[in-house]
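For reference, the structure is listed below as structure tokens.
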Amino acid sequence: MMPESFMDLAGVWIAALLSLCVFSFLFKDNILFKITEAIFVGVSVGYGIVLSWNAGLHPKVVVPFMEFIRNYHDKSRADFFWAAYMVVSLGIGVLYLSRFSPRQAWLSRFPMAYLMGIGIGIGMPLTIQSFIFEQMRATLIPIVVKTNGALDWAASLGNIALLAGVFSVLYYFFFSVKKSDPVSQTVSRVGIAYLMLGFGASFALTVMARISLLSARVQFLKDEWVEGTLRYFNLL
Amino acid sequence: MLCIGCGIIMLLQFFVPLEFVQRDMLQWVNDSAIVVATFGLAIGLASLVHVHSTRIRRRARGWALSVVTLACATVVAVIGLLKSDWGPVVARSQRYDVLPNGVTAGVIEVTHTLFGYQTATVFTNTVTAAGVVPLQHRSVPMFDWFYNYIMYPLMSTVFALLAFYMMTAAYRAMRAKSWEAGLLLAAALIVLLGQVPVDQFVRLPAIDGVSLFEWLKLKILDYPNTAAKRSIIIGVALGGLATSIKILTGIEKPYLGGRG
Amino acid sequence: MLGDVLTVWLQRCDAVVFDLDKLNVFVGLALVGAAIMLCVSHARRGGAVFIRAVPGLQAVDDALGRAAELGRPVVFTTGLYGVDDVATLAGLNILGHLASRSAHYDSDLMVPCANPVVMTVAQELVKERLTQAGYPERYRADNIYFITDEQFAYASAVCGLMQRERPAAVFYLGSFAAESLLLAEAGAGAGAIQVAGTADVSQIPFFIVACDYTLIGEELFAASAYLSRDALLLGSVKGQDMAKVLIMAALAAGVLLLCVDQLFGCHWGTWFASLFTVTEAL
Amino acid sequence: MMTLVLRWFDCNYRRVIYVLVVLCVLVPAFLTVRLRIKPAGATQGLYDAVEGIPAARRAAIAKLEAELTQSTNNHDKLTAHLQRLRMHTNGVLLISLDFDPSSAPELTPQAEIILRHAFMRGIPVVAVVVSTPVGAQLAQSIVDRAARETQGRYDIKLAGRDYVYLGYRPGYFNLILQMGEDISRAYATDYAGTPLHDLPMMQGIKNLNDIDLVAVVTGFVGVPETWIQVVKTKYNRPLGMGMTAVSVADYTPYLHSKQLVGLLPGMRGAAEYEMALDAPGAGTRGMLAQLASHVLIIVLIALGNALFFVQRRNRS
């Protein structure tokens, strides 16, 4: 976007200078980068505070809770439970503040344990479902494929290659087996080979996206900063 | 104890089909986690303020940078929390014109308030059946401005550093030191060649309608890459489950300082 | 008669107590859990467990020793995520072991955090471990600090940290996103020995390329057992392997059934595959 | 001498590489080159589909007229449909710009060239964002830029008459489904807040049946499947896509099964499209940078290995 107002112009200049400061880090760590880093950290913390209030606590808890208090007489039992639960959560959260006193600091373990427990509990069945089962279902493929009654060599070989990969990599990950005999060593090596081919491919596949990012930054500097400024003052 | 209790309750709720449990309870727990995590953020902020203020008080090296950090955080947080749409008015007074091709409206003249010498002609607005929707005076909300001109450019520039780092990493580390590294290297080279239109410059045989390297690239992605990813995901899921179970059964208690 | 009662009872359960569509997930969870708990209890009764070498972990002591020798700090990070992420928890477990081991060396262990809750857990953990090891005075709360939760702001701050502090060893153990290569290249530029481990499939390649040692996926979760040599933890690793055997057996059976399908035109394999279908998650 | 150079390079390789990368990206930004890229089949498919929109519309009108003379049932509905079709004799393109800033560098050129192509052929465009609130502003600036900066190839396009930008609404599955029935149910107003029935262009567009091609430019996984399900499977309208280079591999099967008319792979797709249209732009410049950087990384890997083997031989 070309700068259209003086605020845009000022912004584009600040953005451009900050970007250049970040790039200067590549050459050498320097004071300009340090200042940029300080600004970045500061602004992002401020932004984080606002975000956790504006998009989290305020609309999801504070507003409903206020609404609950104002109209508490015609609320259902579920709403009362919810409110009570929020009060309890508040209590658990307050325990965090015990960290400020050295002697009561152990109380802060409760909120930590609470968050951990919730995360783990919600996560476990989902892990089984979307990681183990989904992947297993995708791997359940026949090693003999028939299309229109005839054997499809290409598809069969592909499936065999895929299955061999899955099994050998899974085998490579076995921890409690002594892999000293030649057979298991070979299988493990095949597993490593699959892993390495996969990693190399992923790495190379990402190059294009990363170069695009850099191109976009250069484009910004050229179009919005240099040309935009010239246009703003009718020099172009 | 609390951890174990919560964990098991949340674990079981997955299987309970009541709409109340599946929808509301999850929502509740989510709300509750937001409340608790907010206090966590407060602790984080306290740590941040503590580290920086100590540095400032002791006039440690780079203490001025700490001032910058705290000041930026305060300004953004205060503006964002108190009045996130506050900002200077940048444009006022507009005049509708007629485009050369005879369509009414669609051109607007914007006079900028500060440095008012500048008059720009900007295309804007919607042609509607009802007529022209007038553009009111435009102000730039400072909070958005911080995002658009500080946060976003910095985020994307730091992200763009990866373009450089990929190159140095490739140069430094992609060497055929062992057969494993050789395979990684080979796969990377093939995919790199498959990504760009090499066949425009060199004559290459084509397979299945795509050029050699592209075909090889697709095969590597379809087979070794998929197989490796799948088994890693299955393994990771198992490892994650094992860690979860260890914590739920109290074999490992990271929040108590390890095995307690 | 009994069958009818059972059906009615099951139907009622299906509506109120247990979602039968998710029975397969329950069975899967129970099987994995049973495998792990069996092995753990076997280990508790004193059964010996072998565990293969994990290259990255053998380097941990060298890295810590080198840091002490050079008088330069050790940097540890678990990435961006919170304690509801299991890989982050695994990383924290390893941090505990590192803290005990580094206690004997007097080098700084710096843990820049992107998540405040992770920070508090890390502080507790390191303090506890140093106290257990008999060096409570070596715990410095200011070395485990919160930076910011924004991905690239965090990355740039850690990159800057590495340029300035020149750590001798860097550990990336936890959950990482696109910042992985930023951190790892900055660390390499600072000349550190780097050990990485993540469960995030798309980031493993970058760590493999840029770090000295990388724990691939599952190895991250086995690491705390390997480092502590604790019988119970080793038992759970054994359990993981048992679960893997179950999965491989199920896969093999399914593939065979699907082949039978292809050859004889029946539907056993498709039926078997449908066992792993789950109703849409929330 | 050689060893001295090598030793210097060993110490300073980072900076040398950084300078080379900057050159690879910076120089193409100032060049307007015509790469001799022959569009791949997948790109040509989408190009031909956009090029063929007016013809498709004429065919649709003719078919409907024939249908009207033959059958009597559903007369009102068919007449209304015919009336709508006749309002835009050049046909209508629906384009969805589903990407956020992180994939924007790769996808913006694609979106831009498709939009320009439609504008050059006088095809009205409906633009939407279905899957990311962050992308809404970005998409608006892309659409507006294509409408304003005409490069002398077409008249300035006006919102409401030549194109509409509807912005973002949450819940993409239902949103896309609703667009099949009635776009104004999915989007009551456009991005600026004008009700759809006040927009002259929308008089002739009610639902997906009045659209001649749906083009989806997306950086998300999962979104394309929904588009395919609704647009292709449910309504059987032509559908083309543009994606990041990383995710293209996952969706080529849909191209082979003819569910997509075309698929643009990342920056390269944009460059090929620009070549097909003979309008070199951001994609061509970007592709030049890509080409240079890919050559650079290959050379660097080769150089690294060469040095490694030389050193190893010297040591032994």
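The analysis underlying the following values was restricted to heavy atoms, covering all of them including side chains, and did not include hydrogens, waters or symmetry mates. In what follows, chains are A, B, ... by sequence order, proteins preceding strands, each numbered from 1. Remember, it's a predicted structure, so these values are computed and weren't measured experimentally.
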Bottom line for B:L221: the part with an atom under 4.5 Å from chain A's heavy atoms is side chain
If you tally heavy-atom pairs under 4.5 Å between each of A:M136, A:M208, A:Q135, A:E37 and chain B, the highest tally belongs to A:Q135
When the 4.5 angstrom heavy-atom criterion is applied to A:L115 and chain B, the contacting part is side chain
Of A:I211, A:V94, A:I128, the largest count of non-hydrogen pairs under 4.5 angstrom with chain B goes to A:V94
Applying a strict 4.5 Å limit to non-hydrogen atoms, the region of B:L192 in contact with chain A is both
**OP:** Mark yes when over 12 heavy atoms from residues, nucleotides or ligands other than A:F80 sit less than 6.0 Å from its CZ; otherwise mark no.
**Re:** yes
Residue from B:L65, B:I234, B:I34 scoring the most non-hydrogen pairs under 4.5 Å with chain A is B:L65
Is the distance between the ring centroids of B:Y223 and A:Y194 under 6.0 Å?
no
When the 4.5 angstrom heavy-atom criterion is applied to B:M155 and chain A, the contacting part is both
Rounded to the nearest 0.5 angstrom, the OH-OH distance for B:Y147 and A:Y47 is 5.5 Å
Taken to the nearest 0.5 Å, the spacing of B:D31 CG from A:M86 CE works out to 4.5 Å
With chain A, the option among B:A73, B:G235, B:A169 that has the most non-hydrogen atom pairs under 4.5 Å is B:A73
Smallest heavy-atom separation, B:S231 atom then A:G165 atom, equals OG-O, 4.2 Å
Checked B:L162, B:I79, B:L238 vs chain A; the most non-hydrogen pairs under 4.5 Å come from B:L162
Looking only at A:L51, A:I35, A:L163, A:V43, most heavy-atom pairs under 4.5 Å shared with chain B are made by A:V43
Tightest non-hydrogen contact, residues A:F131 and B:A237, listed as CB-CB, 3.7 Å
Between the CZ atom in B:F164 and the CZ atom in A:R210, the distance rounded to the nearest 0.5 Å is 14.0 Å
Taking the side chain as C-beta and beyond, is there a heavy-atom pair between A:Y114 and B:S32 under 4.5 Å?
-> yes
Shortest non-hydrogen pair, B:T157 vs A:R217, comes out as OG1-NE, 3.2 Å
Applying a strict 4.5 Å limit to non-hydrogen atoms, the region of A:A164 in contact with chain B is neither
Quick note, salt bridge (charged side-chain N to carboxylate O under 4.0 Å, His left out) partners involving residues 79-100 of chain A, not counting sequence neighbours, are A:R99-C:E124
When every non-hydrogen atom of B:W179 is compared with those of A:A193, the smallest separation belongs to CZ3-CB, 4.1 Å
Of A:S52, A:A15, A:S202, the largest count of non-hydrogen pairs under 4.5 angstrom with chain B goes to A:A15
In this structure, CG of A:D8 is separated from CH2 of B:W145 (nearest 0.5 Å) by 10.0 Å
* Under 4.5 Å between any side-chain heavy atoms of B:M174 and A:F203, yes or no? -> yes
Ranking A:L26, A:L170, A:L95 by heavy-atom pairs under 4.5 Å to chain B gives rank one to A:L26
The interface call for A:V61 against chain B, heavy-atom contacts under 4.5 Å, is side chain
Applying a strict 4.5 Å limit to non-hydrogen atoms, the region of B:I220 in contact with chain A is side chain
To the nearest 0.5 Å, atom OH of A:Y172 lies from atom CD1 of B:I232 at 9.5 Å
Quiz item: Can you find a heavy atom in the side chain of B:I245 that is under 4.5 Å from one in the side chain of A:M124?
Solution: yes
Looking only at B:A77, B:A186, B:G240, the option with the highest number of non-hydrogen pairs under 4.5 Å against chain A is B:A77
Note: vs chain B, highest number of non-hydrogen pairs under 4.5 angstrom among A:F23, A:F173, A:W53 is A:F23
Bottom line for A:F167: the part with an atom under 4.5 Å from chain B's heavy atoms is neither
Okay, A:S168 and chain B: the region with an atom under 4.5 Å from a heavy atom over there is neither
When the 4.5 angstrom heavy-atom criterion is applied to B:N30 and chain A, the contacting part is neither
Scored by heavy-atom pairs under 4.5 Å with chain A, the best of B:T226, B:L70, B:I150 is B:I150
Would A:I39 and B:T69 count as a side chain to side chain contact (heavy atoms under 4.5 Å, CB included) here? Give the steps. CA-CA 6 Å; A:I39 294 174; B:T69 304; over 6 Å; no
All heavy atoms of B:D222 vs all of A:L162, minimum pair found to be O-CD1, 3.8 Å
Of B:N225, B:I190, B:L161, B:L154, the largest count of non-hydrogen pairs under 4.5 angstrom with chain A goes to B:L154
Turns out that what part of B:L185 lies under 4.5 Å from chain A's heavy atoms comes down to neither
Exercise. B:E180 versus A:R189: any side-chain heavy-atom pair under 4.5 Å?
Worked result: no
Between A:L197 and B:A187 the two heavy atoms that sit nearest each other are O-CB, 3.3 Å
ask   = Less than 4.5 Å apart, any side-chain heavy atom of A:K34 and any of B:V68?
value = no
So CD1 of A:I120 and OG1 of B:T243: to nearest 0.5 Å the spacing works out to 8.5 Å
Turns out that what part of B:T38 lies under 4.5 Å from chain A's heavy atoms comes down to side chain
Turns out that what part of B:L48 lies under 4.5 Å from chain A's heavy atoms comes down to side chain
